[in-house]
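Beneath this line is the structure, given in C-alpha cells, with notes to follow.
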2 protein chains.
Amino acid sequence: MSNTPVFPYTEKEEKLARYAKALSHPVRVYILQFLDSQQGCYVGNIVEELPMAQSSVSQHLKELKDAGLIQGTVTPPRVKYCIDRQNWEEARVMFAFFFGNIREEESCCD
Amino acid sequence: MSNTPVFPYTEKEEKLARYAKALSHPVRVYILQFLDSQQGCYVGNIVEELPMAQSSVSQHLKELKDAGLIQGTVTPPRVKYCIDRQNWEEARVMFAFFFGNIREEESCCD
DNA sequence: TCCTTCTATCGTAAAACGACGATAAATTTA
DNA sequence: TAAATTTATCGTCGTTTTACGATAGAAGGA
C-alpha cells in the first residue's frame with residue numbers, strides 16, 4: 001500500500017545531477033581547475049587563493065570529496081588533495097554523453 | 001575604500017557553475033533528456049511524465065529557461081518548450097573543455 | 001611537556017531551494 | 001457571455017546551502 005511516487009529517471013540521472021551539483025558553485029569549479037592543473041596540493045595552498053574563511057574552503061572540499069571528484073591524503077600535519085581520476089573520468093563521459101558528444105559510432109577523419 | 005573580496009575566478013567559471021546548477025536536480029536532467037529526444041513538447045506532456053505537481057514542474061522549467069538551456073514558445077492555449085541549441089552547444093563545449101576533452105590539437109587516427 | 005601549525009568540525013544565521021495548493025491569466029470552445 | 005483548458009505565479013513551509021567564527025584534534029618542534 002506504499003504510495004511512493006515513482007520517478008521516470010534512474011540512478012544515472014541522479015548520478016549526473018550529483019556531479020553537476022558539485023560543479024554548481026564557482027568556488028568549487030575553481031578549486032577543481034586548480035587541482036587539475038597540478039598533481040594536487042595542500043588545503044593551505046587553496047585557502048591562500050581564495051578570499052574566504054578557511055572553514056568555508058574546507059566545507060567546499062568536503063562536498064567535492066563527498067561527490068567523489070577529489071580525494072584527500074593525510075600527510076601530517078597537512079592534508080593533500082587531488083583529483084579523483086577514476087570518478088573524474090566517469091563524470092567526463094557522463095556529461096559528454098548527456099550533451100551528445102557521443103552519438104553513435106562517429107567515424108573520425110571522414 | 002570598498003572591501004569587496006576579489007575572487008580568482010572569472011565569469012567563465014560562474015557560467016559553468018550556472019549551467020551545472022541547472023543540471024543539479026534529477027528532474028531537470030530528465031526534462032532536458034526528454035526535450036532533447038524530440039523537437040520539443042508542451043508542458044502538459046512533461047507533467048504527465050512526472051509524479052509531481054504541475055506548479056513544481058513549471059518551476060523547474062523556469063529554472064532551465066533562466067539558465068538558458070531551454071526556450072518556450074507560446075502557442076495558445078499551450079506553451080511549447082524545446083532545447084535552446086545555441087546555449088546547449090555552449091554548455092557542451094564548456095563542460096568538455098572543463099573535463100579536458102579538448103586538450104590541444106589532438107590528432108585523430110594516429 | 002608545551003606551543004605552534006594545519007585542518008576538520010560545530011554552531012549559527014541568512015539566503016536559496018524544492019515542494020505544494022490555490023489562484024490568476026490567457027485563450028479556446030460551447 | 002460563460003465555461004473549460006493550459007500554464008505561470010503567489011504564498012507558504014520545511015530543508016538545504018553557504019558563509020562565518022570558534023574550537024577541537026592531530027602531529028611536529030621547541
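To find a chain, count down the sequence lines: A is the first, B the second, and so on, and within it residues start at 1. From a predicted model like this one, the values you see are computed outputs, not experimental measurements.
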Which value, rounded to the nearest 0.5 Å, describes the distance between [X] atom [atom1] and [Y] atom [atom2]?
| X | Y | atom1 | atom2 | result |
| --- | --- | --- | --- | --- |
| E89(B) | I83(B) | CD | CD1 | 12.5 Å |
| S55(B) | K62(B) | OG | NZ | 14.0 Å |
| K80(B) | T75(B) | NZ | OG1 | 7.0 Å |
| L64(B) | I70(B) | CG | CD1 | 4.5 Å |
| I31(A) | L50(A) | CD1 | CG | 5.5 Å |

- Item | Side-chain H-bond candidate by donor/acceptor type, E13(A) with T10(A), under 3.5 Å | yes

- Are E49(B) and Y30(B) linked by a side-chain donor-acceptor pair shorter than 3.5 Å?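 Per modelled atom types, E49(B) and Y30(B) side chains form a pair under 3.5 Å.
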
- Item | Minimal non-hydrogen separation, F98(B) against D36(A), with atom names | O-OD2, 4.4 Å

- Query: How would you list all residue pairs meeting side-chain hydrogen bond (donor to acceptor under 3.5 Å, both in side chains) that involve residues 38-48 of chain B, not counting sequence neighbours?
  - Reply: none

- Message: Assuming nearest nucleotide by heavy-atom distance, tell me which of Y81(A) and P51(B) is located more 5' along DNA chain C.
- Response: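 That would be Y81(A).
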
- More 5' along DNA chain C: N45(A) or V27(B), using each one's nearest nucleotide?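 Its nearest nucleotide being more 5', the pick is N45(A).
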
- Message: So if I apply the salt bridge (charged side-chain N to carboxylate O under 4.0 Å, His left out) rule between E90(B) and each of R18(B), R85(B), K15(B), which one comes out positive?
- Response: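 Of the listed residues R18(B), R85(B), K15(B), the salt bridge (charged side-chain N to carboxylate O under 4.0 Å, His left out) partner of E90(B) is K15(B).
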
- Quick one: list whatever passes ring-ring contact (aromatic ring centres under 6.0 Å, His included) with F95(A), sequence neighbours left out.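 F95(B), F99(B).
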
Under 3.5 Å, N/O pairs linking protein and nucleotides 4-6 of chain C:
none

- Task: Check H25(B), K21(B), R28(B) against E63(B) for a side-chain hydrogen bond (donor to acceptor under 3.5 Å, both in side chains) and give me the one that passes.
- Result: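 For E63(B), the side-chain hydrogen bond (donor to acceptor under 3.5 Å, both in side chains) check succeeds only for R28(B).
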
- Message: Counting only heavy atoms and a strict 4.0 angstrom limit, can you tell me which residues of residues 56-66 of chain A come near DNA chain D?
- Response: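 Going residue by residue through residues 56-66 of chain A, the ones with a heavy atom under 4.0 Å of DNA chain D turn out to be S56(A), Q59(A), H60(A), E63(A).
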
- Message: Let's see if you get this right: which residues in residues 16-25 of chain A place a heavy atom under 4.0 Å from DNA chain D?
- Response: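 Going residue by residue through residues 16-25 of chain A, the ones with a heavy atom under 4.0 Å of DNA chain D turn out to be K21(A), H25(A).
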
- Task: With the side chain counted from C-beta on, respond yes when L61(A) and Y81(A) share a heavy-atom pair under 4.5 Å apart, and no when they do not.
- Result: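 They are in side-chain contact.
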
- Just the endpoints, please: which first and last nucleotides of DNA chain D, 5' to 3', lie under 4.0 Å from a heavy atom of chain B?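 Under 4.0 Å from chain B, the extent on DNA chain D is dT6(D) to dT9(D).
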
